[in-house]
Amino acid sequence: MGRTDEAIATYTRASGILALLSDQPHLMASVVGNLGAALREAGRYEEAITAHSRAAETFRLIRDEAEEGSALTSLGGVLQHVGRYEEAIAAHSRAVRIHARLDDPHREAAALNNLGGAWQLTGRTEEAMGSLTRAAEIFRVLGDQYGEALALINLGEALQQTDRTQEAVGTLTRAARLFKQFDAHGYEARASHALGEALLARGSAEEAVTVLSRTADLCRGLGDHGNEATTLLSLAAALEEADRPDAAANRYAQAATAFERAGDNPGKGWALTNYAGALLLAGRTGEALPAAESALEHNRRVVSDEPVAYTHVLAHSLRLLAWLREEEQQNLPGSLSAAREAAELLTPLASTHPESYAPSLRAALEQWAHVLDVLHRTGEAEEVRRRLEKMDHGQA
């Protein structure tokens, strides 16, 4: 039995005994709250939610608002972790109100930061920014720079989502600087990655390259291969934007290796596909086609294991392979087959998530129609273009 299991067993026995003692509700609620924390650490989230709910309700009944607020914060965190965002928002909102009423600004700011994160996960970015701005300001007034940095990193990401790029750059720059000051390297890497993305969105590709290069090195030094890989993807995109395709290809290759070390096969497939695309942009066409075929083979294996979750990765590699085969005038029937398969894979995805996949489906259909034109199969090309017209009228 591990220490977490031992803690769960101990807290469970203690709470059972205390439940029989009606004169110890405060102690019982504290033990139940500790049980909830241990259950969460063990991954037993539904049981953790039950325990934290019980603790919060007991503290409410005995009118200990400070402890009720803390229990609600713990409850909101678990609810957020399991995707029950509306319930998390309700718990965090109650915690904010309690700590504000008790004139406890530090706990109020922490609760506001948690609330902002929950708002963000529901896509309600304006509400998120309101909570996070208040949290950062309270932490700043209190002189708690670490708390301020936690709020700023969330705020910067929210600003970036709403295309307020210049504000995002300033906010994330400060967050990264503060985390570096505290040697909080994991958070520093997160803030720096977001900063690099914001710089790229602002059109500052070379600045983005500098920031993202440092961030990738930082993640590598931490042994965090997953975040190293995603940072390398962003870095490669920045290098492409800076018209440095050879360097981009090298970074995509490094990303594929980092994804493999992280055990992320879909991520590796995405990186391999982009690697082939960068080789093409660099004029290394002799390397690009076999790289694209290798990426497709990898992605077919990934999709055979997880057909629903990673279909879009396979479609991405099919579109690139179709393009390469057409560009090189090699195997036009194979180009046609790849473009058609990509379109058919993307059609149900675009139907359920149009904001994410409709642009890719449109590109795949246009590619399919174009290859049909090259093959002089005019009637079939017209049929595909009718599907594009239906998309324009929201019927795809």
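Residues: numbered from 1 along the sequence shown.
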> Which residues satisfy the side-chain contact (heavy atoms from CB on, under 4.5 Å) test with Ala288, sequence neighbours excluded?
Replying inline: Leu279, Leu280, Leu324
> Just by distance, do the side chain of Ser192 and the backbone of Glu188 share a donor-acceptor pair under 3.5 Å?
Replying inline: yes
> Between Tyr252 and Tyr275, is the gap from one ring center to the other below 6.0 Å?
Replying inline: no
>> For residues 24-59, which residue pairs pass the ring pair (Phe, Tyr, Trp, His ring centres under 6.0 Å) check, not counting sequence neighbours?
In response: His26-Phe59, Tyr45-His81
>> In terms of relative ring orientation, are His312 and Trp270 parallel, tilted or perpendicular, with 30° and 60° separating the classes?
In response: tilted
> Can any side-chain N or O of Thr133 pair as donor or acceptor with the backbone N or O of Met129 at less than 3.5 Å?
Replying inline: yes
> Do Arg60 and Glu65 sit within salt-bridge range, that is, some charged N less than 4.0 Å from a carboxylate O?
Replying inline: no
>> Could you check whether any side-chain N or O of Ser294 sits under 3.5 Å from a backbone N or O of Pro290, counting only pairs where one atom can act as donor and the other as acceptor?
In response: no
> Listed by chain and number, what are the side-chain contact (heavy atoms from CB on, under 4.5 Å) partners of Ala282, not counting sequence neighbours?
Replying inline: Pro245, Asp246, Arg284
> Can you list the residues that meet the side chain to side chain donor-acceptor pair (under 3.5 Å) rule with Arg177, with sequence neighbours excluded?
Replying inline: none
>> Quick test of your reading of the model: are Arg97 and Glu108 salt-bridged, counting only N-O distances below 4.0 Å?
In response: no
> Under the side-chain contact (heavy atoms from CB on, under 4.5 Å) test, which residues partner Pro105, sequence neighbours left out?
Replying inline: Asp103, Ile138, Leu142
>> I need the Arg385 CZ to Asp373 CG distance, nearest 0.5 Å.
In response: 4.0 Å
> Salt bridge check: are Glu297 and Arg301 linked by an N-O gap of less than 4.0 Å?
Replying inline: yes
> Does Arg140 pair with Glu137 as a salt bridge, N-O distance under 4.0 Å?
Replying inline: yes
> So, are Lys268 and Glu260 salt-bridged, with charged N and O less than 4.0 Å apart?
Replying inline: yes
>> Any salt bridge linking Glu366 with Arg319? Criterion: basic side-chain nitrogen under 4.0 Å from a carboxylate oxygen.
In response: no
>> Hydrogens and angles aside, do His316 and Asn299 bring a side-chain donor and acceptor to less than 3.5 Å of each other?
In response: no
> More than 12 foreign heavy atoms under 6.0 Å from NE2 of His370: is that the case here?
Replying inline: no
>> Listing request: all side chain to side chain donor-acceptor pair (under 3.5 Å) pairs with a residue in residues 113-123, at least two apart in sequence or in separate chains.
In response: Asn113-Asn154, Thr122-Arg124
>> Just by distance, no angles: are the side chains of His92 and Gln80 close enough, under 3.5 Å, to form a donor-acceptor pair?
In response: yes
>> Using the rule given for side chain to side chain donor-acceptor pair (under 3.5 Å), can you reason through Ser335 versus Glu326, listing the C-alpha separation, both sets of side-chain angles and the distance that settles it, and then say yes or no?
In response: CA-CA 6 Å; Ser335 175; Glu326 183 190 347; 4.7 Å; no
> Does Phe139 have its ring centroid less than 6.0 Å away from the ring centroid of His106?
Replying inline: yes
